[in-house]
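Here's the structure we're looking at; comments come further down.
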Amino acid sequence: MQELDQTVTIGATVPTGFEHTAAEEVQEKLEATARVSKNRGRIYFDITTDKLFKVHQLKSLDNLFVVVKDYDDYQFKTTKEEVQLDWQELATKLPWTNALEVWKLNNSIKKKKGRRKRTNPTKSDQCGNFSTKSTDTVPSDPEELLVDLEALEVKENQRDVSSQPEDDSEEEKHSEIQDQESGVTPLKFRVTCNRAGEKHCFTSNDAARDFGGAVQEFFQWKADMTKFDVEVLLNIHNNEVVVGIALTVESLHRRNITHFGPTTLRSTLAYGMLRLCKPQVSDVIVDPMCGTGAIPLEGVMEWQNSFFLAGDNNGTAVSRSVNNIKHIVKRTHDEGSPSGLPLDIVQWDLCNLPMRSSSVDIIITDMPFGKRMGSKKKNWELYPLCLREMARVCKPGTGKAVLLTQDKKCFLKALLQMEGLWRKSHTVWVNVGGLHAGVFVLKRTAVVFGTTSEDGVCSRCVCVHCCVCALWMG
């Protein structure tokens with residue numbers, strides 16, 4: 001194995017729209033500078049392999065892979081036949097050794113491994129796979145990788161024998177003979193291609209099949225779509241090509257949630273929203289529509305010096321949140337951490353929160369899109385009431401809100417009605433389950449709740465929509 005302090009390039013998929021937020025976390029926790037890919041939803045950064053364990057602890061990243069080779073301006077041929085020959089030649093020229101060493105080191109770091117679950121290719125032809133099977137679903141049962149890497153290194157080392165000492169080459173040849181005699185099972189692999197761009201004469205499936213065939217011929221591995229040991233990634237964005245080896249078999253966003261609901265927010269997206277808030281020590285942070293608790297759970301694990309309060313009007317959602325909290329408490333207890341979390345879950349009416357006015361520092365929530373939960377029609381009534389109640393409990397002048405919604409038209413209309421109480425700072429556009437949504441960062445104005453027409457409060461008697469005053473005012 002190579003020295004543990006060798007420098008390698010790690011690629012990561014992140015929630016679309018939060019690339020720069022993820023890059024900030026990489027800089028903060030690894031002291032590494034991340035590069036945002038031209039292809040949205042990916043970043044790259046260089047680390048020494050002794051920091052590989054810390055990479056798995058980053059909260060912004062979904063899937064990880066080690067880069068074998070990247071090309072900024074790969075010149076594709078004009079016919080499928082020429083491209084196929086190019087893939088075959090490329091597989092034999094790539095510097096596989098270091099990436100495979102990192103892959104092996106990664107297996108020793110990860111104690112438990114599930115099988116990656118992949119979605120079916122979309123109509124936009126963004127994903128293809130090399131295999132004899134048509135399904136793209138991977139079982140989730142853990143399986144330890146027990147195959148020695150020495151055997152698969154032999155072929156590449158033979159190709160690079162001129163750059164290696166003669167003794168090393170002879171030792172690996174001897175190792176190969178021993179492996180053959182002992183009947184070591186060859187590694188199973190698959191190639192996954194993600195392609196974007198219109199000027200290609202091939203599809204994702206074409207690239208995955210042809211490149212996969214070349215990899216199979218080079219390493220003598222066995223292709224297996226589901227029970228694979230190694231997943232080779234071929235990412236193509238116009239003329240940018242990145243070849244990598246996957247380091248995660250399941251997305252890292254599945255870290256805190258065990259009880260899922262119909263619209264459970266990804267933990268990585270929840271973390272990105274929380275970073276936009278910039279929580280401070282002793283901040284009171286409220287999620288008034290918590291669902292299964294993805295946002296408060298992510299927050300309480302990272303910002304333990306703040307206090308989180310979450311609730312929902314749906315009893316089933318509150319029960320799921322409680323079960324997810326119990327799971328986290330048990331896990332932290334088993335790991336030897338102090339028991340207890342600065343977090344409470346309440347069932348409440350989000351338009352009539354049981355909280356004092358001007359008592360909350362940050363409000364952060366995933367609002368109903370009107371798709372799988374609620375409806376667009378109901379949102380026209382719900383959103384203004386939500387913003388009004390959020391303004392009541394939020395501290396004037398210093399409070400802020402980070403709100404996720406796909407119903408942009410309705411939200412912006414409601415925000416316009418509450419312009420005396422809220423000011424939009426900026427918007428982060430994200431992809432949520434294929435839907436184009438916005439994360440709206442709002443700042444609470446210094447206006448005291450109850451003194452403007454936007455909050456629906458009568459200044460004469462300090463009541464909400466007072467009928468007597470309405471009649472008196474004509």
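Numbering of residues begins at 1 and proceeds along the displayed sequence.
Closest of all the heavy-atom pairs between Ser108 and Leu105 is OG-O, 2.6 Å. Nearest heavy atoms, Met367 versus Cys386: CE-CB, 4.3 Å. The minimum heavy-atom distance linking Lys38 with His237 is given by the pair O-CE1, 3.7 Å. When every heavy atom of Thr292 is checked against every heavy atom of Ile257, the shortest pair comes out as O-CD1, 4.2 Å. Closest approach of Leu343 and Pro296 over heavy atoms only: CD1-CB, 3.7 Å. Of all heavy-atom pairs between Asp283 and Gln280, the closest is OD2-N, 2.8 Å.
With ring centers used as reference points, Phe76 lies under 6.0 Å from Phe202.
In the model, Asn324 has no side-chain atom that pairs as donor or acceptor with a side-chain atom of Ser321 under 3.5 Å. If you check the side chains of Thr268 and Asp62, you find a donor sitting under 3.5 Å from an acceptor. Side-chain polar atoms of Asp50 and Thr48 form a donor-acceptor pair below 3.5 angstrom.
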Item to check | CA sep, side-chain torsions, deciding dist, call: Val241, Asn235, side-chain contact (heavy atoms from CB on, under 4.5 Å) | outcome: CA-CA 6 Å; Val241 176; Asn235 298 323; over 6 Å; no
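When the shell of 6.0 Å around NE2 of His436 is examined, it contains more than 12 heavy atoms from other residues, nucleotides or ligands.
Aromatic ring pairs are classed by plane angle as parallel below 30°, tilted from 30° to 60° and perpendicular above 60°; the pair Tyr44 and Phe65 is perpendicular.
Ion pairing between a basic and an acidic side chain is recognised when a charged N comes within 4.0 Å of a carboxylate O; Glu302 and Lys59 show such pairing.
Residues passing the salt bridge (Lys or Arg N to Asp or Glu O under 4.0 Å) test with Glu240: none are found, sequence neighbours excluded.
A donor-acceptor contact shorter than 3.5 Å links the side chain of Glu19 to the backbone of Gly17.
Each ring-ring contact (aromatic ring centres under 6.0 Å, His included) pair with one or both residues in residues 265-294, not counting sequence neighbours, appears once here: Tyr271-Trp303.
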